[in-house]
Structure formats: structure tokens, C-alpha cells
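Note that the structure is predicted; figures quoted are calculated from it, not measured.
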Amino acid sequence: MEHENHTVAEFVLLGLSQNHEVQMILFFFFLFFYMIILPGNVLIILTIRGDSQLGSLMYFFLANLAFLDICYCSVIPPKMLADFFSHHKTISYSACMAQLFFLHFLGAAEAFLLMVMAYDCYVAICKPLHYTRLVNRGVCCVLVGATWGGGFIHGIILFAFSIHLPLCGPNILDNFFCDVHQLVKLACANTYIVELLMFLNNGVVIMMCFMLFLICYTVLLLKLWTQSSKAKNKVASTCVSHIIVVFVTCGPAMYIYGLPFQAVPMEKVVAVFHTVIFPLTNPTIYTLCNKEIKGSMWKLVSKYILWCGKLKKNILK
């Protein structure tokens, strides 16, 4: 992956803080958060896979979202947690490029998957008689595959731009991970065209996705007025969970990538939420608004506790 346009072998990461006490507080905070939410996403997948009553396509998409979030949060946090104990935080050029690619590949795939989930919700509410024809298992598998394919194309384009940046000077990145913005700042050439293309591939795409989300959910909320009271409550809870996830996913991304050619205030803070916290909470938000999956999760946990109790008794005998 070494490229003739650069002479930088590794990058120095300044991290979130230079204060040791602050770093330890952040380490235990993120570790606690990671150890609670990450198994929760795994539990969501196991619950949906193991309960035949959760066979609707909405749960199929939710399981895929949980899996995507697990993958996405395996790109940045492990390295970040390890760096809290390092006085000299570095990342090799190859690892930096890999981190950048997977960050945007999985991030874009998640944004596209949220669009697919919005489409599923729209068809279920606005065109219920055509739902089985427009959204069946085969169509859903194709759509999920397309989200991964679209994410890969998005990531590989940014990766191609990044490896062609001429890096021949400083190697210090004022952040806790590698991203396009920091690399552009280190380039020893005029990067106006590259920044413009990156903005079109990043900022414009996420803003277009957000606008489509707004249009879709505005139509759905207007449709609510024609529903009965019982149906209205069920649809409202689904729409609210979707809207919350869209805002917490797209908001930070638009803030970071929607302003080309300039530094973004509080970029590190927003990046923490964008890369660590919000992605792991997305499936949790859906779950908290869904009685069926909460009931199934509790049944699965209860079975596991009973099994552990029986196993302990057999060992003690």
C-alpha cells in the first residue's frame, strides 16, 4: 500500500486529551459503554434469529443494522482504547488507510440501510396491500446486498483519493483516528480539487440521504392522521424510533463532512459520538420502542439464566 506520492511511514495521533487522569476517565467510560451496548447488539441478533415470531422483514433489517454497527464500532474504538495507555500514539500508513476505508465503507452502508428501512416503513404504512409484492424476502436480500455494495463503492472512492495525496511533511493528526480531513491538511500540494471531490462523495451524499429521510418520514407522519387510534400509536412509535436514529446518525456526519475547505469546531467531540457512541445505540433505540422484541429478549435471557443455574447445580453434584 506504500505509494510513491508520500514519504510518511506513520502518523502521530494527538488523541482526545494529553492529560493522563482525563485519559483514564475516558478509558473506563468508553470501556463500560462498549461492554454494555456491544453485547446488547449481539443479543438483538440472537433474539431475532432464535424467535420465529420475529420473522417479519422489519426485524431482518434490524438484525442487519445491529451487525453493521458491531462492525462499524470495531474500526475505531479498539485502537482508541489501547492508545489511552500509550504515551506515544502512532498508526502506520497502511493501518491509517485501512481505518479510513472501513470507517467510510461501513458508515455509508449503514446510512443506505437506514434508507432501506425507511422504504420498508413507507410501503408498510402507505401501500399495505402491495407490501408482499414490493417488499418480500428476495427483494430485501437484494436491498441489503446493495447497501453493502454502495458502502464499498463509497469507501473505495475515498480510499483512492487518500492514497494519492502527496504527504511529504508533518505527520501529526490532531484526532484519535485517521480520516480524510486530517490527511488533506497534511498534503504538501494544492488539494482544492481533491477536497471538492471528497465533499461531493461525502457531504453531498449524506445531505441527500438526510433530505430523503425527511421527505419519507414527513409523508409517514401525515399519513398517521388517517389511521385509527390503535394503529396510530403503533405506527407513531415505529416512526419516532426511526426518526431519532436518522438524526443521531446523519447529524454528526453532516456536521463533520458537510462543511468543505474549513476546520470544524469541536470536531473531536462530535467524532466521538459519530464513531463510537451513536452507532452502538441505534439498534437499542429501535428495541426500546418495540414491545415484541423486548419480550423475546427477556425470554432469551431468562432461558440462559435458567440454563446456567442448572449447569451450576450439575457441576456441584
Side-chain angles (χ1 to χ4, degrees), residues 1-3 5-17 23 26-27 30-31 33-34 38 41 67-86 88-112 148 150-167 170-187 191 194-195 197-199 201-203 205-206 249 252-253 255-257 264 267-280 282:
M1 193 180 295
E2 298 296 325
H3 195 273
N5 280 355
H6 75 85
T7 57
V8 176
E10 67 176 15
F11 298 97
V12 177
L13 301 173
L14 296 184
L16 291 173
S17 174
Q23 290 188 63
L26 291 173
F27 170 79
F30 289 127
L31 182 63
F33 185 84
Y34 207 61
L38 189 60
N41 280 275
F67 177 72
L68 253 177
D69 279 326
I70 291 171
C71 295
Y72 184 76
C73 286
S74 299
V75 178
I76 304 297
K79 169 68 175 169
M80 180 186 69
L81 291 173
D83 280 345
F84 282 130
F85 292 94
S86 176
H88 188 60
K89 305 173 180 62
T90 61
I91 184 170
S92 69
Y93 180 86
S94 298
C96 179
M97 293 298 110
Q99 194 178 71
L100 183 150
F101 167 71
F102 283 106
L103 177 70
H104 288 277
F105 163 34
L106 297 169
E110 180 168 338
F112 296 148
W148 284 86
F152 179 82
I153 293 171
H154 174 80
I156 206 69
I157 290 174
L158 284 177
F159 174 79
F161 287 150
S162 300
I163 62 172
H164 285 87
L165 286 173
L167 304 173
N171 66 334
I172 299 176
L173 300 177
D174 186 16
N175 216 320
F176 58 95
F177 67 103
C178 277
D179 203 0
V180 175
H181 282 112
Q182 288 81 36
L183 293 178
V184 168
K185 294 175 185 176
L186 300 181
T191 59
V194 174
E195 286 188 76
L197 293 173
M198 288 180 174
F199 168 69
N201 189 48
N202 247 347
V205 168
I206 192 65
T249 300
Y255 182 81
I256 295 173
Y257 302 113
V264 180
E267 182 177 351
K268 287 185 185 181
V269 177
V270 178
V272 167
F273 284 93
H274 179 55
T275 60
V276 181
I277 296 178
F278 286 153
L280 282 175
N282 286 346

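Between His274 and Pro252, the closest heavy-atom pair is CB-CB, 3.7 Å. Shown here for Leu103 and Phe177, the closest heavy-atom pair between the two residues is CD2-CE1, 3.6 Å. Across Asp179 and Leu100, no two heavy atoms sit closer than the pair C-CD1, 3.8 Å. Of all heavy-atom pairs between Gly151 and Ala108, the closest is CA-CB, 3.8 Å.
Put simply, the side chain of Lys89 never gets that close to the backbone of Phe11: no donor and acceptor are under 3.5 Å apart. The closest donor-acceptor contact from the side chain of Tyr34 to the backbone of Cys73 lies under 3.5 Å.
Residues passing the side-chain hydrogen bond (donor to acceptor under 3.5 Å, both in side chains) test with Gln99: none are found, sequence neighbours excluded. Scored by the side chain to side chain contact (heavy atoms under 4.5 Å, CB included) test, Val205 finds Phe112, Cys209 as partners (sequence neighbours excluded). Partners of Val276 under the side chain to side chain contact (heavy atoms under 4.5 Å, CB included) rule, at least two apart in sequence or in another chain, are Phe30, Pro77, Met80. Partners of Phe85 according to the side chain to side chain contact (heavy atoms under 4.5 Å, CB included) rule, which considers only residues two or more places apart in sequence or in another chain, are Met24, Phe27. Under the side chain to side chain contact (heavy atoms under 4.5 Å, CB included) criterion, Asn201 pairs with His154, Ile157, Leu158, not counting sequence neighbours.
Ring geometry for Phe105 against Phe102 counts as tilted: the plane angle lies between 30° and 60°, on a 0 to 90° scale.
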Any chance you could lay out the side-chain contact (heavy atoms from CB on, under 4.5 Å) test for Leu68 and Trp148, step after step, and finish with the verdict? CA-CA 9 Å; Leu68 253 177; Trp148 284 86; 3.7 Å; yes
Between Glu110 and Asp69, does a side-chain contact (heavy atoms from CB on, under 4.5 Å) hold up when you go through it step by step? CA-CA 8 Å; Glu110 180 168 338; Asp69 279 326; 2.5 Å; yes
Show your reasoning for whether side-chain contact (heavy atoms from CB on, under 4.5 Å) applies to Val180 and His104. CA-CA 10 Å; Val180 175; His104 288 277; 4.0 Å; yes
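The environment of Phe33 atom CZ is dense: over 12 non-hydrogen atoms of other residues, nucleotides or ligands sit within 6.0 angstrom.
Remark: Leu173 CG to Lys185 NZ distance equals 9.5 Å, nearest 0.5 Å. Here the OG atom belonging to Ser162 is positioned 10.5 Å from the CD1 atom belonging to Ile156, to the nearest 0.5 angstrom. The line from SG of Cys96 to CG of Leu13 is 7.5 Å long, rounded to the nearest 0.5 Å. Separation of atoms OG (Ser17) and CZ (Phe84) is listed at 8.5 Å; rounding is to 0.5 Å. To the nearest 0.5 Å, atom CD of residue Glu195 and atom CZ of residue Phe161 are 12.0 Å apart. Atom CG of Leu183 and atom OH of Tyr93 lie 8.0 Å apart (nearest 0.5 Å).
Residues Asn41 and Phe67 fail the side-chain proximity criterion, which asks for heavy atoms closer than 4.5 Å. Phe176 is not listed as a side-chain neighbour of Leu14, based on a closest heavy-atom distance of 4.5 Å or more. Taking the side chain as every heavy atom from C-beta outward, Tyr257 and His181 approach each other to under 4.5 Å.
Within the structure, the side-chain hydrogen bond (donor to acceptor under 3.5 Å, both in side chains) test picks out the following pairs touching residues 75-85 (sequence neighbours left out): Lys79-Asp83.
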